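Here the structure is laid out as structure tokens; the discussion comes afterwards.
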Amino acid sequence: MRVLVTVNDDGVARLPELVARLRAAGLVVDTVLEHVGVITGVIAPPDIAAVRALRGVEAVESERGVEEG
């Protein structure tokens, strides 16, 4: 499942450490957008709760594709 992880101020201050903890929790990190405090990646649905519980994580949302009409 593709997700967007929003990072709070504490997470931004310790971004390299947070990225390592996200990976350890099961997130396959694609992109780290430090300037906006967002990390994108892929995770198995059962691992989402562990990612949400990490210090520095504000929110975890499923990434929605843009549909052309």
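Keep in mind the model is a prediction, meaning the values are calculated, not measured. Heads up: numbering here begins at 1 and tracks the sequence.
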Path from Val57 to Met1 over hydrophobic side-chain contacts below 4.5 Å: yes
Sequence neighbours excluded - salt bridge (Lys or Arg N to Asp or Glu O under 4.0 Å) pairs with any residue from residues 51-60: Asp10-Arg55
Partner residues of Val29 under the side chain to side chain contact (heavy atoms under 4.5 Å, CB included) criterion, sequence neighbours left out: Val19, Arg23, Leu27, Val32, Ile39
Contact check, side chains of Ile43 and Val28, non-hydrogen atoms, under 4.5 Å: no
Shortest non-hydrogen contact from Leu54 toward Ala25: CD1-CB, 4.3 Å
Nearest heavy atoms of Val7 and Leu18, plus distance in Å: CG1-CD2, 3.7 Å
Rounded distance [0.5 Å steps], CD1 in Ile48 versus OG in Ser62: 8.0 Å
Donor-acceptor contact present, side-chain Thr40 to main-chain Thr31, <3.5 Å: yes
Interatomic distance, Leu22 atom CG to Asp47 atom CG [nearest 0.5 angstrom]: 11.5 Å
4.5 Å side-chain heavy-atom contact, Glu61 and Val5: no
Pairing residues for Glu17 by the salt bridge (charged side-chain N to carboxylate O under 4.0 Å, His left out) criterion, not counting sequence neighbours: Arg21
Val36 reachable from Leu4 in the ILVMFWY side-chain graph, under 4.5 Å edges: yes
